[in-house]
Amino acid sequence: MSVLLILVVFLYAFSSVRNAKRVVSKPQVEFIGNKNLFITHEDVSKLLIQNQQEVSNTSKEILDLNILETTLNQNPMVQYADVYVTVTGNLIAKVKQKTPIARVVTDATYYVDNNGGYMPLSKNYTERVPIVTGFINKKELNKIYIVASKIQEDEFLKKHVVQIQQNKNNTIDLKLRQCNFVVQLGSLDQLDKKVNNLKAFYIKATKDKTLKNYSKVNLQFGNQVVCTKA
């Protein structure tokens with residue numbers, strides 16, 4: 001029994017030392033979810049650098065996975081990342097990108113992501129989302145996020161809304177595809193009700209062939225849709 005115990009301890013110690021000294025492979029990058037790559041495999045591999053040294057050909061013992069993971073998570077295009085090394089020495093980085101839901105076009109140009117945060121534009125891919133104009137503060141994107149999220153989840157709005165305008169008094173206007181009129185949402189109070197009123201108006205005006213007759217469609221007055229003729 002003593003000999004067997006010593007043998008087991010020896011084999012465990014030997015395998016532990018050998019595993020720690022195993023050289024890590026070139027990073028294998030896997031993207032989760034959205035297949036449109038705002039950040040590429042090559043971009044992620046370049047980020048996986050520790051102390052200015054490439055992580056490949058580094059022993060598992062000295063590789064700091066927390067630093068690598070933090071580096072990826074700090075990238076403004078990454079929602080979250082998981083970095084780990086397999087028992088065979090394969091370095092795996094699983095990355096979920098942020099999802100843009102609106103594109104701000106003012107003095108600065110950037111996306112608003114699906115969590116209401118800032119996301120820079122990508123040189124690799126451009127997402128087709130409503131543009132945002134007007135008086136926008138990068139640190140105060142909540143109103144734009146609420147409206148853009150509503151557009152994303154509603155098939156009618158997603159099909160027709162091409163622009164979100166935030167005015168100086170923080171009221172919101174919308175512009176629709178192939179329509180000349182401005183939709184005045186005003187505040188975001190009773191947003192669902194206002195959207196339903198817009199749908200009802202659009203369906204009726206389409207049926208009556210009067211969409212081109214208006215310059216403004218005001219949804220700020222409760223159950224009423226107040227239209228201004230062009």
Side-chain angles (χ1 to χ4, degrees), residues 12-132 136-149 151-153 164 166:
Y12 177 78
F14 176 76
S15 62
S16 296
V17 171
R18 184 176 181 180
N19 185 58
K21 291 184 178 181
R22 189 184 296 275
V23 173
V24 173
S25 70
K26 183 179 179 180
Q28 298 178 25
V29 180
E30 300 177 13
F31 286 97
I32 302 170
N34 193 350
K35 294 182 179 180
N36 298 321
L37 298 184
F38 300 97
I39 181 171
T40 65
H41 292 77
E42 292 75 16
D43 293 332
V44 175
S45 294
K46 289 177 182 178
L47 288 172
L48 291 175
I49 295 174
Q50 181 182 12
N51 297 324
Q52 305 302 315
Q53 296 179 350
E54 293 189 5
V55 296
S56 57
N57 299 322
T58 302
S59 72
K60 290 174 65 177
E61 186 176 29
I62 65 174
L63 187 66
D64 193 329
L65 296 177
N66 287 331
I67 291 179
L68 299 181
E69 199 167 274
T70 299
T71 299
L72 291 184
N73 283 318
Q74 288 176 342
N75 186 279
M77 291 188 183
V78 173
Q79 185 168 333
Y80 70 83
D82 183 21
V83 181
Y84 61 92
V85 178
T86 66
V87 292
T88 56
N90 293 322
L91 178 63
I92 309 295
K94 292 190 174 182
V95 178
K96 182 173 177 60
Q97 303 173 106
K98 292 180 179 179
T99 301
I101 59 174
R103 177 173 175 167
V104 176
V105 182
T106 52
D107 293 337
T109 305
Y110 54 91
Y111 290 120
V112 179
D113 69 26
N114 55 321
N115 290 314
Y118 163 84
M119 178 181 175
L121 300 185
S122 169
K123 62 182 179 181
N124 303 304
Y125 180 78
T126 301
E127 186 78 13
R128 294 184 64 181
V129 291
I131 64 171
V132 180
I136 314 298
N137 185 334
K138 188 186 294 187
K139 296 181 180 180
E140 297 178 3
L141 297 172
N142 187 55
K143 283 183 178 292
I144 298 301
Y145 167 65
I146 292 172
V147 176
S149 296
I151 293 170
Q152 285 293 308
E153 68 187 28
I164 304 168
Q166 182 165 288

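Throughout, residue positions are numbered sequentially from 1 according to the sequence presented.
By the 4.5 Å heavy-atom criterion applied to side chains, Thr109 and Leu121 are counted as neighbours. Here the side chains of Lys98 and Phe38 are not in contact, with every heavy-atom distance at 4.5 Å or above. At least one side-chain heavy atom of Arg103 sits less than 4.5 Å from a side-chain heavy atom of Thr126. When side chains are defined from C-beta on, Asp43 does not count as touching Met77, because their heavy atoms never get closer than 4.5 Å. Residues Glu69 and Tyr84 have side chains not in contact (no heavy-atom distance under 4.5 Å, counting atoms from C-beta outward).
For Tyr80, there are no side chain to side chain donor-acceptor pair (under 3.5 Å) partners at least two apart in sequence or on another chain. For Glu42, the side chain to side chain donor-acceptor pair (under 3.5 Å) test picks out Thr40, with sequence neighbours left out.
In this structure, Lys96 places its NZ atom where more than 12 heavy-atom neighbours from other residues, nucleotides or ligands lie under 6.0 Å away.
Taking every heavy atom of both residues into account, Val44 and Ala93 meet most closely at CG1-CB, 4.4 Å. Considering all non-hydrogen atoms of both residues, Ala102 and Val132 come closest at CB-CG2, 3.7 Å. The shortest non-hydrogen separation linking Ile151 to Pro130 is CG2-CG, 4.1 Å. Pairing each heavy atom of Asn124 with each of Ile39, the nearest pair is ND2-CA, 4.2 Å.
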Ser149 and Ile101: CA distance, side-chain angles, deciding distance, side-chain contact (heavy atoms from CB on, under 4.5 Å) verdict: CA-CA 7 Å; Ser149 296; Ile101 59 174; 3.6 Å; yes

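Atoms NE2 and CD, from His41 and Glu30 in turn, are 8.5 Å apart once rounded to the nearest 0.5 Å. Asn73 CG to Leu68 CG: the interatomic distance, rounded to the nearest 0.5 Å, is 11.0 Å. The CD1 atom of Ile164 lies 9.5 Å from the CD1 atom of Ile131; values are rounded to the nearest 0.5 Å. One finds the CD1 atom of Ile32 at 7.5 Å from the CG atom of Asp82 (value rounded to the nearest 0.5 Å). Atom CG of residue Asn137 and atom CD1 of residue Ile144 lie 11.0 Å apart, to the nearest 0.5 angstrom.
The backbone N or O of Glu127 sits less than 3.5 Å from a side-chain atom of Tyr111, completing a donor-acceptor pair.
Of the options Asn75, Val78, Val29, Val95, a side chain to side chain contact (heavy atoms under 4.5 Å, CB included) to Leu47 is made by Asn75 and by none of the others.
Classification of the Tyr110-Tyr118 ring pair by plane angle, with boundaries at 30° and 60°, yields tilted.
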